[in-house]
Amino acid sequence: MSAPTTTAPGPREAAVVLVALGPERAAAVLRGLGEKQARLLAAEVAALGPVDPAEVRDRLVDLVRALLYVLLVLVNYYVAQRQIMPLPT
């Protein structure tokens with residue numbers, strides 16, 4: 001799996017994902033941010049307006065791809081450190 005090739009997400013993309021996560025998960029994400037970042041993201045959510053379902057799907061797919069890439073990097077690191085065993089091929 002190669003690194004995701006899309007450009008870095010901006011505030012709109014983050015807001016779309018945040019809304020798609022639902023209120024409880026979104027609140028957990030906002031709690032994990034700094035105060036300034038949380039305010040900026042909350043303002044972006046408030047300004048969103050209607051979002052095409054295809055855009056929501058695309059942003060969630062982008063998020064999943066990025067998370068899978070990070071997971072793959074971590075697994076490779078721990079395999080290289082011999083802290084976990086690779087899967088047999």
Side-chain angles (χ1 to χ4, degrees):
M1 176 182 272
S2 62
T5 57
T6 58
T7 58
R12 177 178 173 80
E13 291 82 2
V16 169
V17 168
L18 197 65
V19 170
L21 292 175
E24 289 181 20
R25 289 186 182 104
V29 169
L30 289 172
R31 282 193 300 273
L33 299 177
E35 185 179 338
K36 182 179 178 182
Q37 290 174 319
R39 274 197 226 148
L40 290 171
L41 190 50
E44 191 68 33
V45 167
L48 256 184
V51 178
D52 187 299
E55 182 182 0
V56 174
R57 182 196 64 234
D58 291 347
R59 295 301 69 82
L60 290 174
V61 167
D62 291 344
L63 175 63
V64 169
R65 284 183 178 154
L67 291 172
L68 286 173
Y69 179 74
V70 169
L71 180 62
L72 181 62
V73 168
L74 288 172
V75 167
N76 283 330
Y77 171 80
Y78 285 110
V79 167
Q81 298 298 314
R82 299 188 182 271
Q83 294 182 18
I84 59 174
M85 297 298 296
L87 294 173
T89 56

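- The same ILVMFWY cluster, assembled from side-chain heavy atoms under 4.5 Å apart, contains both Leu67 and Leu33.
- At most 12 heavy atoms of other shown residues, nucleotides or ligands fall within 6.0 angstrom of atom CD in Glu24.
- Considering CG of Asp58 and CG of Leu63, their distance stands at 12.5 Å, rounded to 0.5 Å.
- Following chains of ILVMFWY side-chain contacts shorter than 4.5 Å, one cannot reach Val61 starting from Val51, and the two form parts of different hydrophobic clusters.
- A chain of hydrophobic side-chain contacts below 4.5 Å, direct or via other Ile, Leu, Val, Met, Phe, Trp or Tyr residues, connects Leu48 to Val29.
- Across all non-hydrogen atoms, the minimal contact from Ala15 to Leu41 is N-CD1, 3.6 Å.
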Verify side chain to side chain contact (heavy atoms under 4.5 Å, CB included) between Asp62 and Glu13, making sure each step is shown before the conclusion. CA-CA 10 Å; Asp62 291 344; Glu13 291 82 2; 5.9 Å; no
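- Remark: Leu18 CG to Leu30 CG distance equals 5.0 Å, nearest 0.5 Å.
- At a threshold of 4.5 Å between side-chain heavy atoms, the hydrophobic network of Ile, Leu, Val, Met, Phe, Trp and Tyr places Tyr77 and Val79 in one connected group.
- Rounded to the nearest 0.5 angstrom, Leu60 CG and Glu55 CD are separated by 10.5 Å.
- In this structure the side chain of Val19 never reaches within 4.5 angstrom of the side chain of Arg59, judged on heavy atoms.
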